[in-house]
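First comes the structure, then the notes that go with it.
Proteins get letters first, then strands, A, B, ... in listed order; numbering begins at 1 in each.
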2 protein chains.
Amino acid sequence: MKLSTQKRTAILQAAKEAFLSQGFRSTSMDQVAELAQVSKRTVYNHFENKEALFRAVSVGLCAQAKTLPVIYCPHASLHEQLLEIAHQEVKVLTSKPYVAAFRALLVESFELPGIAEQIASEIPDDDSLKDWITAAAKDGQLNCPDTKQATTHFYTLIKGVFFWPVIIGFGTAPKGKERQRYLENTIAMFLGYYSAKD
Amino acid sequence: MKLSTQKRTAILQAAKEAFLSQGFRSTSMDQVAELAQVSKRTVYNHFENKEALFRAVSVGLCAQAKTLPVIYCPHASLHEQLLEIAHQEVKVLTSKPYVAAFRALLVESFELPGIAEQIASEIPDDDSLKDWITAAAKDGQLNCPDTKQATTHFYTLIKGVFFWPVIIGFGTAPKGKERQRYLENTIAMFLGYYSAKD
DNA sequence: CAAAAAGTAAACTGTACAGTGTAGTTTACT
DNA sequence: AGTAAACTACACTGTACAGTTTACTTTTTG
């Protein structure tokens, strides 16, 4: 592997660690260079400036965060399937790297408006839940003319408890039995409204 | 009014404006002093350092953000009452000062961990929704053994659509007809699960 | 193997800003 | 009027950090 590429990778890796553990502002380019075992000038040879480096790191981070798609299965219970999806989602949303990345990005998007859009535009959407709901609706198992709203309801109910409190650093996501209980009740409410019983 | 108190007020007002419009880091103490028409030294005579000034501003901000309490009324429709509560809540959550204050605080809490708790400890809780739900449950109109969870469900469903997207600057809160539609559907789902029909 | 490309260390520039020190002035109270 | 507290202007210290320059070395490539 070319030396130049090795250095580039080292810089990205170092920047990722630094940004995630300390945030954008508190990370200096000197730090990144030292951590990457690279001269500062080399950092600037690969990335025009600090912001460009941050963008590159962010794109890499976002690309990682994907849930396993859960395929709609006409013969299994809706409740069980949604539970599986929910657990998947919670796992990703509460994972250390995801939370750290989201926070770092959030702070930056406050100070550099437009950066979020820039990064988002480079990342494909994750539509696995929406696809599942659409499939279930088509199969006649769900009664929701507005799949977008149903998707929103579902995500919202999960994120409100497992994601946002963690992001803002106010409390932690419920675990174990409590998590299970919340998810079951929530899915019961969701299906109470959306499942096609009649 | 004592001059000293006037100056203090002017400093707080200036700092509030500056912090809300630019955030903590991008606001310099020189700016605050100039905006308050006060010498920099005076700022430091009133507030030990920048962080102390920020805390003082934040406490003031948080104390403002209150929804009007909606009293549970046994004879009115649950749906109507919840709709009223929801509209109240959305109005506060999407108001410019609330959003700006929340953002500023959020960023700071990332960089100065513990500051959120410090500020929160000086602000009384807003329990009006929880009180309403508890009253309705006692009255036998709602069937929810776990009022805390029901409160969470309700807030979560509102914030997920009207608050968090605005905070992270990704999209805006629905307005007018769309807002009404979302709130009605959401309350229908909520009541479908929690209202005591049997 | 020689030129071009990329890397290195270290000193340097320029700027921004928190916080302090000082000497002199204004205000409030007796 | 006299005094203490609070205010002012402004220069100053110290630090942090983005980004550049320089003179030199190593790696890649034709």
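A search for ring-ring contact (aromatic ring centres under 6.0 Å, His included) contacts involving A:Y72 returns A:W132, not counting sequence neighbours. In this structure A:F190 satisfies the ring-ring contact (aromatic ring centres under 6.0 Å, His included) test together with A:F154, A:Y194, sequence neighbours excluded. Take B:Y193 and apply the ring-ring contact (aromatic ring centres under 6.0 Å, His included) test, not counting sequence neighbours, and it matches no residue.
Ring geometry for A:Y182 versus B:H153: interplanar angle of 30 to 60°, hence tilted.
Between the NE2 atom of A:H46 and the OG1 atom of A:T5 there is a distance of 7.5 Å, given to the nearest 0.5 Å. In this structure, the separation between CD on B:E80 and CD1 on B:I187 is 8.5 Å, given to the nearest 0.5 Å.
Across the protein-nucleic acid pair, B:N45 atom CG and D:dA5 atom C1' stand 10 Å apart, rounded to whole Å. With rounding to whole Å, A:Q37 atom CD is found 13 Å from C:dT8 atom C1'. When rounded to the nearest whole Å, the span between CD of A:E34 and P of C:dA10 equals 12 Å. Rounded to whole Å, the distance from CG on B:L53 to C1' on C:dC17 is 15 Å.
A donor-acceptor contact under 3.5 angstrom links the side chains of A:Q180 and A:H87, judged on distance only.
Of the listed residues (B:F102, B:F170, B:Y155), just one forms a ring-ring contact (aromatic ring centres under 6.0 Å, His included) with B:F163, and that residue is B:F102.
Within a heavy-atom distance below 4.0 Å of DNA chain D, no residue of residues 4-26 of chain A is found.
Open room surrounds CD on A:E34; 12 or fewer heavy atoms of other groups in view lie less than 6.0 Å from it.
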Check: protein-nucleotides 19-23 of chain D nitrogen or oxygen pairs below 3.5 Å:
residue, atom, partner, partner atom, Å
D:dG19, OP2, A:Y44, OH, 3.3
D:dG19, OP2, A:K50, N, 3.1
D:dG19, N7, A:K40, NZ, 2.6
D:dG19, O6, A:K40, NZ, 2.8

Pair assignment for DNA chain C - dot-bracket with | for other-strand partners, Watson-Crick or G-U under 3.5 Å: ||||||||||||||||||||||||||||||
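One finds a side-chain N or O of A:H46 lying less than 4.0 angstrom from the OP1 or OP2 phosphate oxygen of C:dG7.
A donor-acceptor contact shorter than 3.5 Å links the side chain of B:N49 to the backbone of B:E51.
Of the candidate nucleotides D:dC17, C:dC17, C:dA9, C:dA9 has the atom nearest to the side chain of A:S39.
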Residue pair B:R181, A:D146: steps toward the side-chain contact (heavy atoms from CB on, under 4.5 Å) verdict: CA-CA 12 Å; B:R181 202 182 122 261; A:D146 187 346; 2.4 Å; yes
